[in-house]
Amino acid sequence: MEIDNDLKYLAETDETYAKLSASTESIKDAIKHTKGKFISESSLSVSKAENDFYASQEYLDSIKLLKDGNESVFTLRNKRATAILRIEVWRTLEASRRKGNV
């Protein structure tokens, strides 16, 4: 097992993971802001304006951006979880070796 590489990977991806996660949260907030602005600037009823917003190209573009961001976050999260799992397996094996069980 290459535990040193896993530890290095986790250390090197801390900030990237945090930034990607924050970006996706920011996109969610931006969508809410855009929706509110769209509705407040509309002369239609709130429910009709809301329906128009969800049918707009701007909303579709935002959803695609959020999807892309989530794919990046989830991929990085899964890779980090795999590295953590390999480290935990290594730790378990080392503990077993020390006890003479392996």
Side-chain angles (χ1 to χ4, degrees):
M1 296 185 142
E2 298 181 9
I3 301 307
D4 290 337
N5 290 339
D6 289 332
L7 290 169
K8 183 178 177 185
Y9 176 76
L10 289 172
E12 290 174 348
T13 58
D14 279 342
E15 287 186 30
T16 304
Y17 179 70
K19 287 178 182 179
L20 283 173
S21 295
S23 292
T24 57
E25 290 302 313
S26 178
I27 292 169
K28 291 176 188 178
D29 292 337
I31 291 172
K32 290 177 187 177
H33 172 75
T34 304
K35 177 183 172 184
K37 187 176 176 184
F38 189 92
I39 290 172
S40 67
E41 291 175 353
S42 177
S43 60
L44 304 171
S45 68
V46 171
S47 61
K48 176 66 175 142
E50 185 176 25
N51 288 337
D52 286 353
F53 170 73
Y54 287 129
S56 71
Q57 185 62 43
E58 189 174 9
Y59 180 68
L60 289 176
D61 294 342
S62 297
I63 292 298
K64 184 184 180 324
L65 187 63
L66 184 58
K67 177 189 169 284
D68 293 343
N70 277 334
E71 283 179 3
S72 298
V73 168
F74 296 153
T75 299
L76 189 56
R77 181 184 300 157
N78 290 341
K79 287 180 179 180
R80 288 173 57 83
T82 300
I84 291 168
L85 182 61
R86 281 194 299 256
I87 292 167
E88 291 302 316
V89 167
W90 176 82
R91 289 178 64 201
T92 300
L93 289 173
E94 288 299 307
S96 294
R97 282 187 194 118
R98 282 192 301 273
K99 285 184 170 182
N101 296 336
V102 176

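For the single chain, residues carry numbers from 1 onward in sequence order. Just so it is clear, the model here is predicted, and its values are computed rather than measured.
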- Determine, for Asp4 against Lys8, whether the closest basic-nitrogen to carboxylate-oxygen distance falls under 4.0 angstrom. no

- Are any non-hydrogen side-chain atoms of Thr34 and Tyr59 less than 4.5 angstrom apart? no

- Considering only heavy atoms from C-beta outward, does the side chain of Lys99 approach that of Ser96 to under 4.5 Å? no

- Message: Can you confirm whether Arg86 sits close enough to Thr82 that some side-chain heavy atom of one is under 4.5 Å from a side-chain heavy atom of the other?
- Response: yes

- Query: Judged by atom type as modelled, is there a donor-acceptor pair below 3.5 Å linking the side chain of Thr75 to the main-chain atoms of Glu71?
  - Reply: yes

- Message: If you apply the rule side-chain contact (heavy atoms from CB on, under 4.5 Å), what do you find for Tyr9 with Glu12, and how did you get there?
- Response: CA-CA 5 Å; Tyr9 176 76; Glu12 290 174 348; 5.5 Å; no

- Approximate separation, where rounding is to 0.5 Å, of Lys37 NZ and Glu58 CD: 8.0 Å

- Item | Residues forming a side-chain contact (heavy atoms from CB on, under 4.5 Å) with Ile27, sequence neighbours excluded | Ile31, Leu65, Leu66

- Assess whether salt bridge (Lys or Arg N to Asp or Glu O under 4.0 Å) is satisfied between Arg91 and Glu94, documenting all intermediate values. CA-CA 5 Å; Arg91 289 178 64 201; Glu94 288 299 307; over 6 Å; no

- Check: Thr24 side chain, Ser21 main-chain N or O, donor-acceptor pair, under 3.5 Å: yes

- To the nearest 0.5 Å, what is the distance between CZ (Phe53) and OG (Ser62)? 6.0 Å

- Task: Just do the side-chain contact (heavy atoms from CB on, under 4.5 Å) check on Thr13 and Lys79 with the steps written out, would you?
- Result: CA-CA 10 Å; Thr13 58; Lys79 287 180 179 180; over 6 Å; no

